[in-house]
Amino acid sequence: MSKEITSREQDYSKWYNDLVIKAGLADYSAVRGCMVIKPYGYALWENMQAALDKMFKDTGHQNAYFPLFVPKSLFEKEEENAEGFAKECAVVTHYRLKVNEEKKGSLMVDPDSKLEEELIIRPTSEAIIWSTYKNWIQSYRDLPLLINQWANVVRWEMRTRLFLRTAEFLWQEGHTAHATADEAIAETKQMLEVYATFAEEWMAVPVVKGVKTPNERFAGAVDTFCIEALMQDGKALQAGTSHFLGQNFAKAFDVKFSDKQNKLDYVWATSWGVSTRLIGALVMAHSDDDGLVLPPKLAPIQVVIVPIYKGDEQKAAIDEVVNKLVKELKAADIRVKYDDSDNSRPGWKFAEYELKGVPLRIGIGARDIANSVVEVARRDTREKLTLPLEDLAINIGKLLHTIQESIYNKAFAFRETHITPADSWEEFLVLLETKGGFISAHWDGTAETEEKIKELSKATIRCIPLNNAQEAGACILTGAPSEQRVLFARAY
RNA sequence: CGGGGCGUAGCGUAGCCCGGUUAUCGCGCCUGCUUUGGGAGCAGGAGGUCGCAAGUUCGAAUCUUGCCGCCCCGACCA
């Protein structure tokens with residue numbers, strides 16, 4: 001019908017775009033490279049935010065908000081960071097428009113409003129935050145400083161994709177300051193764990209935790225840890241990063257504290273973030289050719305109830321049963337929608353909620369009421385079962401739990417069968433072309449080889465997994481000795 | 001920035017090569033009736049600066065030139 005979705009097999013990236021648009025997650029906007037997040041997509045983001053925010057608070061963090069604009073002089077203080085982002089920064093140079101006298105009805109930049117100093121629109125907030133932390137930190141008693149902010153950032157990407165890479169996106173960025181390196185490293189790893197837990201338990205997306213190579217490291221970081229997810233097309237997606245920043249920013253912004261012995265030292269820093277890109281990960285990890293498949297824990301609507309009736313009398317009888325059921329479900333903290341709109345018929349609604357990835361659908365008609373049952377349909381497996389009205393809320397709760405586990409297990413099984421060892425360059429290339437996924441291979445540890453492999457195969461080193469098994473071997477490309485395998489993949 | 005594609009109603013499109021009444025069709029929308037267990041049927045109706053601008057012409061969605069925008073592929077990407 002009008003909502004045909006391109007199949008994954010036919011064109012995976014078109015399938016993705018179709019889903020995002022047709023399921024109502026987002027829309028293209030009048031601004032190149034920017035998208036509108038629609039209510040359904042935003043509801044998904046709010047659910048992610050709520051879960052993450054609680055995890056941040058539970059680990060001792062507080063939220064704050066810092067400015068969108070970063071004066072250029074501050075931005076450039078941490079040199080590596082500044083250079084890393086320089087190519088993708090939007091810059092504000094003027095603060096006023098005026099009427100264009102030469103062309104009626106149009107405005108022009110007022111040349112008299114040139115700023116003394118340009119303002120960078122934050123691509124990330126280390127600079128503005130560390131210039132502030134300087135004033136907040138004097139003593140070890142001020143540490144650790146554990147702050148997170150929910151914000152938008154702008155990175156002027158050449159090529160964009162809905163949710164996966166847009167010029168402006170929403171994210172959270174944690175910025176912490178510590179008295180010791182060990183403590184900062186512990187924080188970095190703790191937040192990586194938080195992200196991994198969120199991805200696996202809430203999004204039902206299994207991830208590999210690892211360390212980035214120097215090449216792939218965040219500009220200005222000493223170490224970048226990441227979680228890497230695998231999409232259904234065999235491409236990897238970086239789903240979150242946590243950075244140990246050492247004393248780089250403290251030195252750049254002169255942030256020192258007195259320790260217990262009244263000795264001055266620079267503080268140790270971390271930063272960590274996840275973005276609306278996670279929505280893209282969610283879509284690509286679970287969905288099928290009929291639409292989204294959302295994990296119950298994040299789905300804006302967990303259960304939709306569709307009435308099937310002839311005439312007002314039947315409708316009234318159904319309403320009575322459903323209203324009671326809705327109350328029970330809500331009491332059990334289940335997000336339920338009763339769609340009794342008369343605009344569309346049941347069949348249309350079935351397809352629509354499947355497109356939107358609602359985990360469970362309850363169908364209820366006169367026949368069911370007579371038998372005190374309902375029809376329950378699972379989005380993930382397409383199974384339909386008949387359940388008694390009695391104790392339905394309890395059973396629905398259990399089913400939602402089952403679905404959450406089931407889609408995780410499915411994604412996990414896919415991931416496990418798509419980590420493939422390769423021991424020769426030929427094998428490496430064939431695997432990339434035919435199977436995709438992560439390829440576990442030896443690497444000689446040099447940036448040159450990493451670059452060369454990327455150039456020849458389009459695959460990058462996604463990470464060196466944490467607690468990686470040490471194993472002597474020979475580099476896949478150069479044959480030079482190697483102590484461990486690393487994970488390669490083509491990536492988003 | 002290079003290569004490709006597209007721009008006609010809210011969405012998807014035909015017409016364009018070869019200029020000529022009132023711009024095609026489907027979905028959606030509005031009204032009414034019948035319907036409702038997998039994207040309903042019938043009848044009636046509303047909705048258009050044919051991306052923008054200039055040009056050629058008696059006449060331009062159609063031809064010419066310029067511009068704008070978006071999508072896809074590549075280069076780029078904590």
Side-chain angles (χ1 to χ4, degrees), chain A residues 1-6 11-14 16-18 21-22 27-35 78 80-89 122-127 153-162 164-167 169 171 173 212-221 223-226 237-243 245 271-275 277 290-291 306-312 314-315 318 339-355 361-371 373-377 382 384 386 454-455 458 460 491-492:
Chain A
M1 296 292 290
S2 62
K3 294 220 169 158
E4 282 290 299
I5 297 167
T6 309
D11 186 340
Y12 191 85
S13 88
K14 194 152 190 284
Y16 173 80
N17 284 337
D18 280 359
I21 299 292
K22 290 177 179 171
D27 221 338
Y28 292 108
S29 74
V31 193
R32 180 211 293 272
C34 294
M35 65 174 177
E78 208 296 320
E80 271 192 47
N81 184 254
E83 281 176 17
F85 282 105
K87 296 184 302 293
E88 44 187 329
C89 286
R122 64 180 168 214
T124 180
S125 300
E126 274 79 2
V153 287
V154 169
R155 294 178 189 178
W156 215 263
E157 303 288 353
M158 291 187 195
R159 205 174 144 212
T160 56
R161 295 200 64 190
L162 296 168
L164 299 175
R165 177 169 292 109
T166 47
F169 58 91
W171 76 344
E173 46 181 326
K212 288 291 188 189
T213 61
N215 256 351
E216 301 275 329
R217 194 182 281 156
F218 175 68
D223 253 322
T224 288
F225 296 85
C226 62
L237 184 103
Q238 178 177 300
T241 49
S242 184
H243 316 290
L245 302 174
S271 70
W272 27 274
V274 295
S275 71
R277 179 178 235 210
D290 294 313
V306 176
I308 296 140
Y309 59 93
K310 296 176 190 171
D312 292 345
Q314 284 192 3
K315 174 65 172 33
I318 292 170
D339 186 354
D340 67 341
S341 62
D342 201 25
N343 303 334
S344 40
R345 296 167 72 250
W348 193 91
K349 291 178 184 172
F350 293 173
E352 184 65 16
Y353 290 108
E354 277 158 13
L355 173 62
R361 181 188 73 234
I362 297 178
I364 178 163
R367 221 159 62 200
D368 302 307
I369 289 185
N371 299 319
V373 297
V374 295
E375 182 194 77
V376 177
R382 296 313 197 77
K384 285 182 188 175
T386 302
K454 182 179 176 183
E455 191 189 314
K458 290 183 182 168
T460 50
Y492 278 99

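Remember, predicted model here, so these are calculated numbers, not experimental data. Letters A, B, ... are given to chains in the order of the sequence lines, protein chains preceding strands, and every chain is numbered from 1.
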Quote, to the nearest angstrom, the [atom1] distance that separates [N] from [M].
{"N": "B/C6", "M": "B/A46", "atom1": "C1'", "value": "29 Å"}
{"N": "B/G26", "M": "B/G41", "atom1": "P", "value": "12 Å"}
{"N": "B/G69", "M": "B/C25", "atom1": "P", "value": "34 Å"}
{"N": "B/C68", "M": "B/U49", "atom1": "C1'", "value": "16 Å"}
{"N": "B/C70", "M": "B/U62", "atom1": "P", "value": "23 Å"}
{"N": "B/G20", "M": "B/C63", "atom1": "P", "value": "11 Å"}
{"N": "B/G3", "M": "B/U8", "atom1": "P", "value": "24 Å"}
{"N": "B/G12", "M": "B/C17", "atom1": "P", "value": "24 Å"}

When all nucleic acid strands are considered with a 4.0 Å heavy-atom cut-off, which category describes [X]: base, sugar-phosphate, or nothing?
{"X": "A/Trp156", "answer": "nothing"}
{"X": "A/Arg165", "answer": "base"}
{"X": "A/Arg367", "answer": "base"}
{"X": "A/Ala366", "answer": "base"}
{"X": "A/Phe169", "answer": "base"}
{"X": "A/Ser13", "answer": "sugar-phosphate"}
{"X": "A/Gly84", "answer": "nothing"}
{"X": "A/Arg382", "answer": "nothing"}

Side chain of [X] - closest among [options]:
{"X": "A/Tyr28", "options": "B/C76, B/C71, B/G37", "value": "B/C71"}
{"X": "A/Met158", "options": "B/A75, B/C72, B/G37", "value": "B/A75"}
{"X": "A/Glu157", "options": "B/G39, B/G37, B/C77", "value": "B/C77"}
{"X": "A/Asn17", "options": "B/A75, B/C71, B/G39", "value": "B/C71"}
{"X": "A/Lys310", "options": "B/C77, B/U36, B/G39", "value": "B/U36"}

Query raised in the report: Checking only heavy atoms, does the side chain of A/Glu354 share a donor-acceptor pair with the base of B/G38 at less than 3.5 Å?
Result: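 Yes.
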**Report entry** Under-3.5 Å donor-acceptor pair between A/Lys384 side chain and B/G37 base
**Finding:**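 When only heavy-atom distances are counted, A/Lys384 does not reach the base of B/G37 through any donor-acceptor pair under 3.5 Å.
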Whole Å only: how far is the [atom1] atom of [X] from the [atom2] atom of [N]?
{"X": "A/Lys349", "N": "B/G39", "atom1": "NZ", "atom2": "P", "result": "14 Å"}
{"X": "A/Glu352", "N": "B/C11", "atom1": "CD", "atom2": "C1'", "result": "14 Å"}
{"X": "A/Gln314", "N": "B/G37", "atom1": "CD", "atom2": "P", "result": "12 Å"}
{"X": "A/Ile5", "N": "B/C11", "atom1": "CD1", "atom2": "P", "result": "19 Å"}
{"X": "A/Glu88", "N": "B/A75", "atom1": "CD", "atom2": "P", "result": "16 Å"}
{"X": "A/Tyr309", "N": "B/U35", "atom1": "OH", "atom2": "C1'", "result": "11 Å"}
{"X": "A/Lys22", "N": "B/G28", "atom1": "NZ", "atom2": "P", "result": "14 Å"}
{"X": "A/Lys454", "N": "B/A75", "atom1": "NZ", "atom2": "C1'", "result": "11 Å"}

Query raised in the report: 5'-most contact on RNA chain B: A/Ser344 or A/Tyr492, nearest heavy atom basis?
Result: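 Residue closer to the 5' terminus by nearest nucleotide: A/Ser344.
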Query raised in the report: So which one's nearest nucleotide on RNA chain B is more toward 5', A/Ile369 or A/Asn343?
Result: A/Asn343
Report task. State whether A/Phe169 and A/Arg277 meet the cation-pi test: NZ (Lys) or CZ (Arg) under 6.0 Å from the six-membered ring centroid, and within 45° of the perpendicular axis. Result ->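 Because its charged atom misses either the 6.0 Å distance or the 45° angle limit, A/Arg277 does not stack over A/Phe169.
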So does [Y] get a backbone contact from the side chain of [X], meaning a donor-acceptor N/O pair under 3.5 Å?
{"X": "A/Glu173", "Y": "A/Ser125", "answer": "yes"}
{"X": "A/Glu352", "Y": "A/Trp348", "answer": "no"}
{"X": "A/Lys349", "Y": "A/Val306", "answer": "no"}
{"X": "A/Thr160", "Y": "A/Ala167", "answer": "no"}

Query raised in the report: Is there a side-chain contact (heavy atoms from CB on, under 4.5 Å) between A/His243 and A/Phe218 once you walk through the steps?
Result: CA-CA 7 Å; A/His243 316 290; A/Phe218 175 68; 3.1 Å; yes
Query raised in the report: Between A/Glu216 and A/Thr460, does any side-chain donor sit less than 3.5 Å from a side-chain acceptor?
Result: no
Requested in this report: Indicate whether OP1 or OP2 belonging to B/A40 is found under 4.0 Å from a side-chain N or O atom of A/Arg345.
Outcome: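 Affirmative; the distance criterion is met.
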Query raised in the report: Between A/Asp290 and A/Arg382, does at least one N-O distance fall below 4.0 Å, as a salt bridge requires?
Result: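 The answer is yes: the pair qualifies as a salt bridge.
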Query raised in the report: Taking C-beta and beyond as the side chain, do A/Ile369 and A/Tyr309 meet within less than 4.5 Å on heavy atoms?
Result: no
Query raised in the report: side-chain contact (heavy atoms from CB on, under 4.5 Å) between A/Thr241 and A/Cys226: does it pass, once the steps are laid out?
Result: CA-CA 4 Å; A/Thr241 49; A/Cys226 62; 4.2 Å; yes
Query raised in the report: For RNA chain B, what are the stems built from at least three Watson-Crick or G-U pairs in a row, each pair having both distances below 3.5 Å?
Result: B:1-7 with B:68-74, B:10-12 with B:25-27, B:29-34 with B:40-45, B:51-55 with B:63-67
